[in-house]
Amino acid sequence: MSVLTILGKVLIFPGLLFTLLAALWLAGLDRKLVARMQRRVGPPLLQPWYDYLKCCGKETIIPRKANRTVFLAAPALGLASIFVTAMLIPVGGVSIFSGSADLVVILYLLTFASVMLIIGSAASGSPFAGVGLSREMVAMISYELPFVLVMLAVGRAAGDGFCLAGVTFSLADLCAWQSANGPMIFRWSLLPAAIAMLFIIPCEVGQQPFDIDEAETEICEGVLAEYSGRPLGQFKMMHVIKMYVMSSLFCAMFLHIETGFLLADVVIHLVLCTLVCFVSMSLPHAITARFKVEQIFRFYWTTVTALAAVSLILVWCGV
């Protein structure tokens, strides 16, 4: 593979430009759909991009007690990790980076982005940010366990009889298995894991009703209380791109469809991402009030974990 081909993949498709456009589409459509369900007109589809540009044009104010270096580096590193995560997920059978442990790397990169949010808010020295980062830590502890169980269930299903190890964490292997056997969501033993994943997505993204770390009416934006200007825009853009990353990851794990025609595959992928975004984020946002911290912890460590564990047991038993 030539250097120009690699640069084209990284910068255009399925890399930075495609990821940005797809993420802005999902975020704009999400706001529009939520507004319509609440009988409002809603902002234009490009509103997330306008918000980012507006933040970039504002002054960056650094709190007097903040650690300047960490305060400014955290949002940039978090945004970079989300872009790298997107490059690991195949779109239309095309991926930039592929290995034997894609799911493990994605799990670490998503955790790294959340950790950057925590570190950045801690560096601000704000008491509101302190409350927000503690809530973000609770949310991470809540959804990480079922997330790992879902990955194990899917990896076992694709690896059983398909690879020598019996378990695979390669997204390329998962997509190849689904090309040969059909989408995993249609395998009834994995249906509980797919439902669990749909519940994990909004909490990983930080979408209402799981946005306990910001909670404007309670802790004044929480983790983002002291951020302004370009760093705030970077954190907001990280949230936008994470919406696409999690929707795309769900499609790669459970809804991979490959026709052999790249353009058709990309269109199908975007349509499926839009559907996943609506079901897992837009609909709960429109109809559900924000959860309490203890409610989120209890919900993920009981209901969601149980769903993922049921699929893992069924798949491990060969069902």
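Annotation: the span from Phe147 atom CZ to Glu204 atom CD amounts to 6.0 Å, rounded to 0.5 Å. One distance of note links NE2 of His285 with CG of Leu283; it measures 11.5 Å at 0.5 Å rounding. Atom CG of Leu270 and atom OH of Tyr244 lie 6.5 Å apart (nearest 0.5 Å). Residue Asp211 holds its CG atom at 9.5 Å from CZ of Arg135, rounded to the nearest 0.5 Å. To the nearest 0.5 Å, atoms OG1 (Thr19) and CD1 (Ile89) are separated by 8.5 Å. Considering NZ of Lys9 and CG of Leu4, their distance stands at 13.0 Å, rounded to 0.5 Å.
Residues Ala196 and Ala308 come closest through the heavy atom pair CB-N, 4.1 Å. Pairing each heavy atom of Leu312 with each of Leu149, the nearest pair is CD2-CD2, 3.8 Å. The minimum heavy-atom distance between Ser189 and Leu314, with the atom names listed, is CB-CB, 3.9 Å. Among all heavy-atom pairs drawn from Ala286 and Gln38, the shortest one is O-NE2, 3.6 Å. Across Pro284 and Val279, no two heavy atoms sit closer than the pair CD-O, 3.4 Å. Here the shortest heavy-atom pairing between Leu72 and Pro231 reads CD2-CG, 3.8 Å.
Under the 4.5 Å side-chain contact rule for hydrophobic residues, Phe278 and Val34 do not share a cluster. No path of Ile, Leu, Val, Met, Phe, Trp and Tyr side chains, each step under 4.5 Å between heavy atoms, connects Ile313 with Leu191, placing them in separate hydrophobic clusters.
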| field | Steps toward side chain to side chain contact (heavy atoms under 4.5 Å, CB included) verdict (Phe297, Ile141) | value | CA-CA 8 Å; Phe297 186 82; Ile141 294 171; 3.9 Å; yes

| Criterion side chain to side chain contact (heavy atoms under 4.5 Å, CB included) on Phe83 and Ile241, from CA distance to verdict | CA-CA 8 Å; Phe83 269 120; Ile241 296 174; 3.3 Å; yes

| field | Steps toward side chain to side chain contact (heavy atoms under 4.5 Å, CB included) verdict (Met87, Leu16) | value | CA-CA 8 Å; Met87 295 179 189; Leu16 299 179; 3.5 Å; yes

| task | Determine, step by step, whether Leu20 and Trp49 satisfy the side chain to side chain contact (heavy atoms under 4.5 Å, CB included) criterion, reporting the C-alpha distance in whole Å, the side-chain angles of both residues, the deciding distance to 0.1 Å, and the verdict. | result | CA-CA 10 Å; Leu20 183 61; Trp49 180 245; 4.2 Å; yes

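Gln295 contributes a side-chain N or O that, together with a main-chain N or O of Lys292, makes up a donor-acceptor pair within less than 3.5 Å. Side-chain atoms of Trp25 do not come within 3.5 Å of backbone N or O of Leu45 as any donor-acceptor pair. The backbone N or O of Ile118 lies less than 3.5 Å from a partner atom in the side chain of Ser121, making a donor-acceptor pair. Side-chain N or O atoms of His239 include one that pairs as donor or acceptor with a backbone N or O of Val205 at under 3.5 Å. Formation of a donor-acceptor pair under 3.5 Å by the Gln178 side chain with backbone atoms of Leu174 is found in this model.
Inter-residue side-chain proximity for Met116 and Leu79 is flagged as unmet; no heavy-atom pair is nearer than 4.5 Å. Two residues are said to be in side-chain contact when any heavy atoms from C-beta on lie closer than 4.5 Å; Pro146 and Ile200 meet this criterion.
Side chains of Thr168 and Trp177: no donor on one and acceptor on the other come within 3.5 Å.
Salt bridge status for Asp51 with Arg31: present, with a side-chain N to carboxylate O gap under 4.0 Å.
Listed by chain and residue number, Phe210 satisfy the ring pair (Phe, Tyr, Trp, His ring centres under 6.0 Å) test with Tyr300 (two or more places apart in sequence, or in another chain).
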For a quick test of your reading: what N or O donor-acceptor pairs under 3.5 Å do the side chains of residues 245-269 make, sequence neighbours left out?
| unit_1 | atom_1 | unit_2 | atom_2 | d |
| --- | --- | --- | --- | --- |
| Ser247 | OG | Met243 | O | 2.9 |
| Ser248 | OG | His269 | NE2 | 2.9 |
| His256 | NE2 | Glu258 | OE1 | 2.9 |
| Glu258 | OE1 | Ser179 | OG | 3.4 |
| Thr259 | OG1 | Phe261 | N | 3.3 |
| Thr259 | OG1 | Asp265 | OD1 | 2.7 |
| Asp265 | OD1 | Thr259 | N | 2.7 |

Donor-acceptor pairs under 3.5 Å, side chain of residues 56-65 to any protein atom, not counting sequence neighbours: which ones?
none

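Dense packing is recorded around CE of Met37, with more than 12 heavy atoms of other residues, nucleotides or ligands lying under 6.0 Å away.
Checked against the 6.0 Å centroid threshold, Phe71 and Tyr227 count as a close aromatic pair.
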